[in-house]
Each structure stands twice: as structure tokens, then as C-alpha cells.
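Encoded as C-alpha cells, the structure appears first; notes follow it.
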Amino acid sequence: MPGLSGRVLVVDDNKVIRQLIRVNLELEGFGVVTAADGAECLEIVHQVRPDVITLDVVMPRLDGLHTASRLRADARTCHVPVAIISACTQYEVDSGKALGVDAFLAKPFEPTELVQLVGRLMRRGGAGASAPGDAAPVVGPTG
């Protein structure tokens, strides 16, 4: 059985967080491309053709929720699983679910949670994408 593989587009305005996510995913065999905000994500997504996209919520130019909305509205990207990786408020989680975001991971997160989440979305792929409002629960530290 081959290890994990596939391409992930990681979108976060914090360079340290982008690198942390990139390294953890690359160590597990994923190919990773990064973008610094939602506008850059939308500029490169069609060339990158990712299997999964991770988005921070608070970013300059175009935030994660607006980026998710644009990705879902585009026939070329509407099937790509999207995970929000952010310190989300309940409003942002609810808004993300309504937009069709597939999963949420709260910052700070454990690297193993990140890898498991991306692996689950990668295995599910485009064919099994959930309906809006059917997102996975928020994963993150308790307490």
C-alpha cells in the first residue's frame, strides 16, 4: 500500500504557519504548494490543480471564507475538498459550513491532526464531497 500522496494548496498569510503545515504534509508524502492569501490562491489554483485546499480565515486582500465561496462557485474547483485551518469563531464555522467547507481544524493544532484531516479529505476526493452544512466537526485542542 503506497503512502499518502496528492497535492495540497496551503493558504495562510503567516509564513511560519505556511512552512509548518508544508513540512508536516511533505514529511507524509504530500506535494505542497503555498499561497499567502486568498487572492494568490485564486490566481494559482488552476495551474496547481490541488487535491485538497487548506485556508486560513483572516488574511489580507481576500479572506478564507470569501476564497472558499469563490472556489465553490467555480465549476473547475467546486469539487476540491476545502479545510479551514484557523482560530475560528462559531460564526466563521457556521459561515464556512454554509459555504460548503468540508472540514475545520482549530489553531493551534497537533501535526498528527493536520495529517489525518488532509489524508481523510484526500481519500474522499472530489467524488465524495459533502453537501453544504455537512462539514466535519471542528478539530482542535480542548480546554
Side-chain angles (χ1 to χ4, degrees), residues 3-142:
L4 298 174
S5 65
R7 181 171 296 157
V8 182
L9 177 53
V10 174
V11 187
D12 197 302
D13 62 318
N14 183 311
K15 184 177 182 177
V16 173
I17 298 294
R18 278 197 315 270
Q19 287 302 104
L20 173 71
I21 294 171
R22 170 185 225 135
V23 166
N24 280 285
L25 293 176
E26 286 179 342
L27 285 171
E28 296 297 328
F30 294 109
V32 179
V33 177
T34 63
D37 59 37
E40 185 179 354
C41 168
L42 295 175
E43 290 168 11
I44 67 172
V45 70
H46 300 298
Q47 290 85 16
V48 172
R49 299 169 64 105
D51 299 300
V52 173
I53 300 169
T54 70
L55 297 171
D56 186 19
V57 171
V58 179
M59 297 184 289
R61 296 201 298 167
L62 190 62
D63 69 36
L65 293 176
H66 285 98
T67 303
S69 176
R70 301 260 304 264
L71 290 166
R72 288 296 179 245
D74 185 331
R76 298 171 292 177
T77 56
C78 65
H79 66 282
V80 179
V82 173
I84 296 284
I85 300 178
S86 189
C88 292
T89 64
Q90 188 60 49
Y91 171 79
E92 290 164 338
V93 170
D94 293 343
S95 297
K97 287 179 181 180
L99 292 170
V101 170
D102 297 282
F104 297 83
L105 180 62
K107 289 179 183 174
F109 56 85
E110 290 294 325
T112 55
E113 293 174 331
L114 168 71
V115 170
Q116 288 171 354
L117 174 67
V118 170
R120 187 173 72 242
L121 293 174
M122 192 74 64
R123 284 188 299 276
R124 190 171 74 196
S130 60
D134 198 27
V138 176
V139 177
T142 56

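Throughout, numbering of the chain's residues begins at 1 and tracks the sequence. Being a predicted model, the structure only gives us computed values, none of them experimental.
Using a distance-only test at 3.5 Å, with no hydrogens or angles considered, a donor-acceptor pair links the side chain of E113 to the main chain of E110. Between the side chain of D51 and the backbone N or O of R7 there is at least one donor-acceptor pair closer than 3.5 Å.
The shortest distance between side-chain heavy atoms of F109 and I21 falls below 4.5 Å. Q19 has its side chain out of reach of V16: every pair of non-hydrogen atoms, C-beta onward, lies at least 4.5 Å apart. Here the side chains of L55 and I53 are in contact, with some heavy-atom distance below 4.5 Å. Side chains of F104 and E92 form no contact here, defined as non-hydrogen atoms less than 4.5 Å apart. Using a 4.5 Å heavy-atom cutoff, the side chains of T54 and V8 are in contact. Residues L99 and L65 are in side-chain contact: their nearest non-hydrogen atoms beyond the backbone lie under 4.5 Å apart.
Judged as a salt bridge (Lys or Arg N to Asp or Glu O under 4.0 Å), and not counting sequence neighbours, the contacts of R22 are E26.
Across L42, V45, L9, a single residue satisfies side-chain contact (heavy atoms from CB on, under 4.5 Å) together with T77, and that is V45.
At a threshold of 4.0 Å, the pair D13-R18 does not count as salt-bridged, since none of the basic side-chain nitrogens sits closer than that to a carboxylate oxygen. Ion pairing between D12 and K107 holds under the 4.0 Å rule for side-chain N and carboxylate O.
Residues D102 and R72 approach most closely at OD2-NH2, 2.5 Å, considering heavy atoms. A pairwise comparison of heavy atoms in I44 and A35 identifies CD1-CB, 4.2 Å as the closest pair. Across every non-hydrogen atom of S86 and D56, the tightest pair is OG-OD1, 3.0 Å.
Residues N24 and E28 bring no donor and acceptor atom of their side chains to less than 3.5 Å of each other.
For residues 29-46, the side-chain hydrogen bond (donor to acceptor under 3.5 Å, both in side chains) pairs, not counting sequence neighbours, are D37-R61, H46-D74, H46-R76.
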Starting from the C-alpha separation in whole Å, work towards a yes-or-no answer on side-chain contact (heavy atoms from CB on, under 4.5 Å) for L114 and L105. CA-CA 7 Å; L114 168 71; L105 180 62; 4.0 Å; yes
For T67 and R70, run side-chain contact (heavy atoms from CB on, under 4.5 Å): C-alpha distance rounded to whole Å, both residues' side-chain angles, the deciding distance at 0.1 Å, then the answer. CA-CA 5 Å; T67 303; R70 301 260 304 264; 5.8 Å; no
With side-chain contact (heavy atoms from CB on, under 4.5 Å) as the criterion, how do V82 and L71 come out once you've worked through the C-alpha distance, each side chain's angles and the decisive distance to 0.1 Å? CA-CA 9 Å; V82 173; L71 290 166; 4.2 Å; yes
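How far CG of L117 is from CD1 of I84: 11.0 Å, rounded to the nearest 0.5 Å.
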